[in-house]
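A short worksheet on the structure shown next.
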Number of protein chains: 2
Amino acid sequence: MVVDQLRENELDRLFQALADTTRRDIVRRVTVGGYSVSGLAGLYDMSFAAVQKHVAVLERATLVTKERRGREQLVRGNHEGLQKARHLLDEYEAIWQGRVDRIADILAEG
Amino acid sequence: MVVDQLRENELDRLFQALADTTRRDIVRRVTVGGYSVSGLAGLYDMSFAAVQKHVAVLERATLVTKERRGREQLVRGNHEGLQKARHLLDEYEAIWQGRVDRIADILAEG
DNA sequence: CTGATCTACAACCATTTGGTTGTACGATAG
DNA sequence: CTATCGTACAACCAAATGGTTGTAGATCAG
């Protein structure tokens, strides 16, 4: 149960990170190809610092990774984070379908 | 593009609603079987009003529906809301897989 | 070396969130 | 009818969010 708490906090961060239009857009873009933080900042009608914060939120949620590239910071999508969120929704779907055995499978995969 | 804004706000509400451990727990429970609001309130270490607010957030996000049942209010899971969230993550997964044609399919389903 | 660029981060602000208590009201049990 | 139960909602509060400006440190181009 103590371990679960960590997972719950992780899910809190994941879904919260996805609960913002700008951040979802960033996730889409950096999944297709890498962007520097300033490259991303140029796309939105807000300050560099604001975009920087959004990237930080996504990074904490493991939806994105940053990698130093000279004086730039390359932002790329992180598949693992997305999968965790998908996993939860799959679990809910299984519950909805009443497939208790399928739930057990999913939890075993976890 | 104007229409998209509505969809984005809807997704904001959906993911934000999922970004709370208590609310995710409520979703699980009411998907398996119906609960009254006070029935739910009994499960958590917080006030009735707090649980009532959580249910309201879930209802606004279309993850849950309420139905008057005498003097109680029956809360039940709403499959449609979950599917919308799943749909987005499927789209992201498709992007990640680089399956542009699959993305087109998913957007067409939308 | 110098200047421009990219990033980091602090401080601040308005709004939202997640919780509380308290009040009021409709429906039901006795 | 009356008391109780389930709900709704307002008012309040602390903390988090999403934005801003400003300052400062690296790194690169010339």
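Heavy atoms only: backbone and side chains are in, while hydrogens, waters and symmetry mates are out. Everything numeric in this text was worked out from a predicted model, so none of it was measured. In what follows, chains carry the letters A, B, and so on, assigned in the order in which the sequence lines appear, proteins first and then strands, with residues in each chain numbered from 1.
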Assign each of A/Ser36 and B/Ala19 the nucleotide of DNA chain C bearing its closest heavy atom; nearer the 5' end lies the nucleotide of A/Ser36

What nucleic acid atoms does B/Ala41 come within less than 4.0 Å of, heavy atoms only: base, sugar-phosphate, or nothing?
nothing

Among D/dG6, C/dT7, D/dC28, the one nearest any side-chain atom of A/Arg71 is D/dC28

(message) At less than 4.0 Å, is any side-chain N or O atom of B/Arg23 found next to OP1 or OP2 of C/dG18? Yes or no.
(response) yes

Rounded to the nearest 0.5 Å, the CG atom of A/Leu18 sits from the CG atom of B/Leu18 at a distance of 9.5 Å

Task: Below 4.0 Å: OP1/OP2 of C/dT7 and any side-chain N or O of A/Ser38 - done: yes

| Within the structure shown, what part of the strands sits under 4.0 Å from B/Arg69 by heavy-atom distance: base, sugar-phosphate, or nothing? | nothing

Determine whether B/Arg7 and B/Asp4 satisfy the following criterion, salt bridge (charged side-chain N to carboxylate O under 4.0 Å, His left out), listing intermediate values before the conclusion. CA-CA 5 Å; B/Arg7 181 167 193 80; B/Asp4 281 353; over 6 Å; no

Next item on the list: Would you indicate what B/Ser47 reaches in the nucleic acid, counting non-hydrogen atoms under 4.0 angstrom: base, sugar-phosphate, or nothing?
Entry: base

d(A/Thr21 OG1, B/Asn9 CG) to nearest 0.5 Å is 6.0 Å

### Task
Tell me what A/Gln16 touches on the nucleic acid: a base, only sugar-phosphate, or nothing, going by heavy atoms under 4.0 Å.
sugar-phosphate

Does a side-chain N or O of A/His54 approach OP1 or OP2 of D/dG19 to a distance below 4.0 Å, or not? yes

The reported gap from CG in B/Leu88 to CG in A/Leu82 (rounded to nearest 0.5 angstrom) is 9.0 Å

Rounded to whole Å, CD of A/Glu59 lies from C1' of C/dA8 at a distance of 12 Å

